[in-house]
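Structure record follows, encoded as structure tokens.
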Protein chains: 2
Amino acid sequence: MATAKRIRVLLAEDQTMLRGALSQLLELEPDITVIAQAANGREAHRMAREHAPDVIVTDIEMPEMTGLEFAAALKESDSKSRVIILTTFARPGYLRRALDAGARGYLLKERPASELAEAIRRVHAGLRAVDPALAAEAWGADEDPLTDRERQILQRAGDGRSSAEIATELRLSEGTVRNYLSEAIAKLGAANRVDAARIARTRGWL
Amino acid sequence: MATAKRIRVLLAEDQTMLRGALSQLLELEPDITVIAQAANGREAHRMAREHAPDVIVTDIEMPEMTGLEFAAALKESDSKSRVIILTTFARPGYLRRALDAGARGYLLKERPASELAEAIRRVHAGLRAVDPALAAEAWGADEDPLTDRERQILQRAGDGRSSAEIATELRLSEGTVRNYLSEAIAKLGAANRVDAARIARTRGWL
DNA sequence: AAAGTGTTGTGACGTTTGTCATGCGCCACG
DNA sequence: CGTGGCGCATGACAAACGTCACAACACTTT
């Protein structure tokens, strides 16, 4: 035959300008076609079920449902589509969670646009496409030491909520909330709750 | 003549993938050409002096020098280039500062990619190109009520630094730092320092 | 069955934070 | 030339925060 079938791609990215630009560029590739686009994880999940694309390219930080949750949901439902995470953040914790969720690729938005098409081809061919520098960094990276509760509470504390507010919201006593925060601060080697939240965020644990 | 001269554009954006994608798309336009690209404000400033582009498209949040500082520096040096701010953030404070710095356009990354070329044409023709929804919102927006000192201190506090640390860093007494924070908290109607920093950030005051 | 881990709670203690009153020097604006 | 705004400071008090010890219960792992 003259031309092989094009690789059918679903593109999930909340920033319209980037999504549109990448989609147009990918369409210029002879062996790739963008069959669907989504602006959040939930929409993407629906479209993935409907179209069963060969490859899914998804951002992480999106409204409604993050790309990591989306990837996990796909794995759960035994989707055949292969997932590439495309994100701004070189956080070891993100990469780890992405791979746990079955992602085959992890690409940074700081890389040239040409690498995206290349990654799509690699992943479609059954290979992996993980940013090498990040992979190396993530290798020696610490595990997330936080428990679920600690994470919940740290999120809210980093947002400016007081112990009392957090306690009410989560139906806990105020002392308990302070205990968790104290634990989290110690585990992260932070100086206080805000510092702890900042540290957890930069490592992709929050 | 057969073809008019193309509009010469400088593109400043730190995210390589977006910069590359937009640049390629703009090159597809018959009346636009991207003569230079920069990954931060300082680089952009150098290139603007060197190439004197017709239109400059710049992100705000970049390393070394922000797009707003860059625009202000251009205004200072009587540059003939017209500036379009291209950013993720629909913060009234950013728009205000952008216009103060002489920007002719303010476009959100949430808009379709096609609008960028349109904005470039409008601005090159001497018109303005400001996101209408944002302009309306910014109209009734409050001025930044913070003094320089309050801003400095609030930034650091929002980052998890203690009053004592901030005092040392800025050569102030600890009491003074607490006073400024108290003032800022009151002005912003916040519950505490972290809440205040969050509020100031979302309004583009930080 | 024992050990470990996570969740939740209490009480007590010292530190940090937020508020308020008050004061002084400086500079710009009318 | 005063008046007000800003920067900076001190002292004092109440509230919030961070730490520690200790304890109970559920659940998993060994």
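Chain A is the first sequence line, chain B the second, and so forth, proteins listed ahead of strands; every chain is numbered from 1. These values consider heavy atoms only, across backbone and side chains, with no hydrogens, waters or symmetry-generated copies.
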Write down the distance between [atom1] ([X]) and [atom2] ([N]), rounded to a whole number of angstrom.
{"X": "B:Leu146", "N": "D:dC6", "atom1": "CG", "atom2": "C1'", "result": "14 Å"}
{"X": "B:Arg171", "N": "D:dG7", "atom1": "CZ", "atom2": "C1'", "result": "17 Å"}
{"X": "A:Arg149", "N": "D:dA26", "atom1": "CZ", "atom2": "C1'", "result": "14 Å"}
{"X": "A:Ile166", "N": "C:dT7", "atom1": "CD1", "atom2": "C1'", "result": "16 Å"}
{"X": "B:Leu154", "N": "D:dG7", "atom1": "CG", "atom2": "P", "result": "14 Å"}
{"X": "B:Arg156", "N": "C:dT16", "atom1": "CZ", "atom2": "P", "result": "20 Å"}
{"X": "A:Arg161", "N": "C:dT17", "atom1": "CZ", "atom2": "C1'", "result": "19 Å"}
{"X": "A:Arg178", "N": "C:dG11", "atom1": "CZ", "atom2": "C1'", "result": "10 Å"}

Of the options [options], whose atoms approach the side-chain atoms of [X] most closely?
{"X": "B:Asp148", "options": "C:dG9, D:dG7, C:dT17", "answer": "D:dG7"}
{"X": "A:Thr147", "options": "D:dG7, C:dG6, D:dT19", "answer": "C:dG6"}
{"X": "A:Ser162", "options": "D:dA16, D:dT19, D:dC8", "answer": "D:dA16"}
{"X": "A:Asn192", "options": "D:dG18, D:dA9, C:dT8", "answer": "D:dG18"}
{"X": "B:Ser173", "options": "D:dA9, D:dT19, C:dT8", "answer": "D:dA9"}

Check: With no hydrogens and no angle check, is any side-chain donor or acceptor of A:Asp54 less than 3.5 Å from a backbone partner on A:Arg8?
Finding: yes
Checklist line | Cationic N near anionic O, under 4.0 Å, A:Glu118 to A:Arg122 | finding: no
Next item on the list: Please say which of B:Val9, B:Leu11, B:Ile84, B:Leu74 ends up in a side chain to side chain contact (heavy atoms under 4.5 Å, CB included) with B:Ile56.
Entry: B:Leu74
Checklist line | Test: B:Arg91 cationic atom under 6.0 Å from B:Tyr94 six-membered ring centre, within 45° of axis | finding: yes
Next item on the list: Say whether B:Glu27 and B:Thr33, considering side chains only, have a donor N or O and an acceptor N or O under 3.5 Å apart.
Entry: yes
Item checked: Pair of N/O donor and acceptor under 3.5 Å linking C:dT10 base with A:Asn179 side chain -> yes
